[in-house]
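Encoded as structure tokens, the structure appears first; notes follow it.
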Amino acid sequence: MKILVVDDEQFERRLIEKTLARLGHDIMTAKSGAEAWERIQQEHVRFVITDWNMPGVDGIQLIQKIRSSQLSGYVYVILVTSNDRSEEVVAGLYSGADDYLTKPFNPPELEARVAVGERVLTLEDNLVKAKQQLEKLAMVDSLTGLMNRRAIYKFTRGELERARRIADPISVIFLDIDKFKSINDHHGHLVGDEALKLVSQVIRQRSRTYDGVGRWAGDEFMVVLPGTRPQDAEKAAQRIIEGIATTPLVLPDNKSIQIHASAGVASIQKMTNASNLLDSLIQAADEALYRAKAAGGDQVQMDWL
């Protein structure tokens, strides 16, 4: 682990450095609180051992800077003091220190307290990872791996605001599998799920990396096309439904079925005001999709705002 040792006395710095380097830690040193604060801001430091009494920025002030800043991760701090009075120790802990050592200390005690700090940081890292995984799960459709309705709605809102700022066009595709109910009725819901996965793969393959692709509901999908004019959005939708039509779904008995889809496209040529346009854009794409389905399916219909 990378540990920053802060002390204005070279002997004290060397003592801690020698003890912890023997355990394989990567030790950095600073001669003052001000120097330490600069290094913490510039480098990814998660563990600090600092002396209390130093000229300029002392240990308490350094800890207060750490706790009041928006660093990328939690910084575990051990405060070193030559005063072992309980009121001094309490004051140090209240300042934001996680642990303390009193001088003179023996190496085994230092090693043990550093080990405690490592466990705390490991626990904190695991909690952050778990939170990130939960946030990701909350935004991803579990069947297709695409953005779910909440996520694609949020993505679209952000792209509308971006398009407004730079007066850019934006388009949305609503796509629906034709006669999806009959696939479920004749082949079962497991095959229906495979059909949804296949369609999602084709949409992803035939979309740009910066397009937003999500499952809106059931067999409905939504594709957000930033910076795309109506004629190009129509071509993009056509490419997707043609890709779906030419990609057979192989069944468990090695037979295959052909899947078709319909698409509705809504476009805004030049964004000037993003407010209240999100729902209107989605509704326009949905109505265009309805017209495509009513006209027999396997086609694209357009709308403009």
Using the rule given for side chain to side chain contact (heavy atoms under 4.5 Å, CB included), can you reason through Leu15 versus Lys18, listing the C-alpha separation, both sets of side-chain angles and the distance that settles it, and then say yes or no?
CA-CA 5 Å; Leu15 177 61; Lys18 183 178 179 180; 6.0 Å; no
Test side chain to side chain contact (heavy atoms under 4.5 Å, CB included) applied to Ile241 and His260, step by step:
CA-CA 7 Å; Ile241 67 170; His260 296 278; over 6 Å; no
Is there a side chain to side chain contact (heavy atoms under 4.5 Å, CB included) between Ile66 and Leu71 once you walk through the steps?
CA-CA 8 Å; Ile66 292 171; Leu71 299 173; 4.1 Å; yes
Test side chain to side chain contact (heavy atoms under 4.5 Å, CB included) on Val77 and Ile49; report intermediate values, then the result.
CA-CA 6 Å; Val77 182; Ile49 301 175; over 6 Å; no
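Side chains of Leu4 and Thr29 form no contact here, defined as non-hydrogen atoms less than 4.5 Å apart. Between Lys65 and Ile40, the closest side-chain pair of non-hydrogen atoms is not below 4.5 Å. Two residues are said to be in side-chain contact when any heavy atoms from C-beta on lie closer than 4.5 Å; Ile203 and Leu175 meet this criterion. Side-chain contact between Leu62 and Trp37 is present, with heavy atoms from C-beta onward closer than 4.5 Å. The shortest distance between side-chain heavy atoms of Ile170 and Thr228 does not fall below 4.5 Å. With a 4.5 Å cut-off on side-chain heavy atoms, Thr50 and Leu79 count as touching.
Atom CE in Met147 sits 3.5 Å away from atom CD1 in Ile152 (nearest 0.5 Å). A distance of 8.0 Å separates CG of Leu121 from CD of Glu118, quoted to the nearest 0.5 Å. Between the NZ atom of Lys197 and the OG1 atom of Thr144 there is a distance of 9.5 Å, given to the nearest 0.5 Å. Taken from CG in Leu305 to CD1 in Ile268, the straight-line distance is 5.0 Å, to the nearest 0.5 Å. Glu159 contributes atom CD, which lies 9.5 Å from atom CG of Asp168 (distance to the nearest 0.5 angstrom). To the nearest 0.5 angstrom, Met222 atom CE is 9.5 Å from Phe155 atom CZ.
A donor atom on one side chain and an acceptor atom on the other are found under 3.5 Å apart for Ser262 and Asp178. There is a side-chain donor-acceptor pair under 3.5 Å between Gln301 and Gln299. A donor-acceptor contact closer than 3.5 angstrom links the side chains of Ser267 and Ser171. If you check the side chains of Glu287 and Gln283, you find a donor sitting under 3.5 Å from an acceptor. Side-chain polar atoms of Tyr153 and Asn148 form no donor-acceptor pair below 3.5 angstrom.
Of the possible donor and acceptor atoms, none in the side chain of Arg119 sits under 3.5 Å from a partner among the backbone N and O of Thr122. Proximity of a side-chain donor or acceptor of Ser280 to a complementary backbone N or O of Leu278 within less than 3.5 Å is not detected. Under the 3.5 Å distance criterion, the side-chain polar atoms of Glu161 are left unmatched by any main-chain donor or acceptor of Arg157. His186 places a side-chain N or O within 3.5 Å of a backbone atom of Ser182 that can act as its donor or acceptor partner. Judged purely by atom type and a 3.5 angstrom limit, Thr247 has no side-chain atom pairing as donor or acceptor with the backbone of Ile244. Arg291 places no side-chain N or O within 3.5 Å of a backbone atom of Asp286 that could act as its donor or acceptor partner. The backbone N or O of Ile177 sits less than 3.5 Å from a side-chain atom of Lys293, completing a donor-acceptor pair.
With respect to the salt-bridge test (charged N to carboxylate O, under 4.0 angstrom), the residues Glu43 and Arg39 qualify. With salt bridges taken as basic N to acidic carboxylate O contacts below 4.0 Å, one links Lys181 and Asp185. Salt bridge absent: Asp141 and Arg149 never bring a charged side-chain N and a carboxylate O closer than 4.0 Å. A salt bridge does not link Lys31 with Glu9: every distance from a Lys NZ or Arg NE/NH1/NH2 to an Asp or Glu carboxylate oxygen is 4.0 Å or more. A salt bridge does not link Asp8 to Arg13: none of the charged side-chain nitrogens sits closer than 4.0 Å to a carboxylate oxygen. Salt-bridge annotation for Asp232 and Arg229: absent, with no side-chain N of the basic residue lying under 4.0 Å from a carboxylate O of the acidic one. Ionic pairing of Arg206 and Glu242 is not present here: no N-O contact between side-chain nitrogen and carboxylate oxygen is shorter than 4.0 angstrom.
Val202 and Val213 end up in the same hydrophobic cluster when Ile, Leu, Val, Met, Phe, Trp and Tyr side chains are linked at under 4.5 Å. The hydrophobic clustering, which links ILVMFWY residues whose side-chain heavy atoms are closer than 4.5 Å, places Val6 and Leu20 apart. Each of Leu127 and Val116 belongs to its own hydrophobic cluster when Ile, Leu, Val, Met, Phe, Trp and Tyr are linked at side-chain heavy-atom distances under 4.5 angstrom. When the side chains of ILVMFWY residues are joined at heavy-atom separations under 4.5 Å, either directly or via intervening members, Tyr290 and Ile240 end up in two distinct hydrophobic clusters. Note on Val199: it clusters hydrophobically with Ile173, by side-chain heavy-atom contacts below 4.5 Å among ILVMFWY residues.
For an aromatic pair to be called close, the ring centres must be under 6.0 Å apart, and Trp216 with Phe174 satisfies this.
Atom NZ of Lys103 is surrounded by more than 12 heavy atoms from other residues, nucleotides or ligands within 6.0 Å. The environment of Arg14 atom CZ is sparse: at most 12 non-hydrogen atoms of other residues, nucleotides or ligands sit within 6.0 angstrom. Counting non-hydrogen atoms of neighbouring residues, nucleotides and ligands closer than 6.0 angstrom, the CD atom of Gln258 exceeds 12 such neighbours.
Closest approach of Ala34 to Val57, counting heavy atoms only: N-CB, 3.7 Å. In terms of heavy-atom proximity, Ala292 sits nearest to Ala263 at CB-O, 3.7 Å. When all heavy atoms are compared, the tightest approach of Asp211 to Leu225 is OD2-CD2, 3.4 Å. Between Ser200 and Leu146, the closest heavy-atom pair is CB-CD1, 3.6 Å. What you find for Leu198 and Ile259 is that their closest heavy atoms are CD2-CD1, 3.8 Å. Scanning all heavy atoms of the two residues, the minimum distance from Ile183 to Gly192 falls at CG2-CA, 4.2 Å.
Listed by first then second residue, pairs satisfying side-chain hydrogen bond (donor to acceptor under 3.5 Å, both in side chains) with a partner in residues 93-102 read Arg67-Asp98, Tyr74-Asp98, Asp99-Arg113, not counting sequence neighbours.
Screening Leu101, Val5, Ile16 for a side chain to side chain contact (heavy atoms under 4.5 Å, CB included) with Ile78, the sole residue that qualifies is Leu101.
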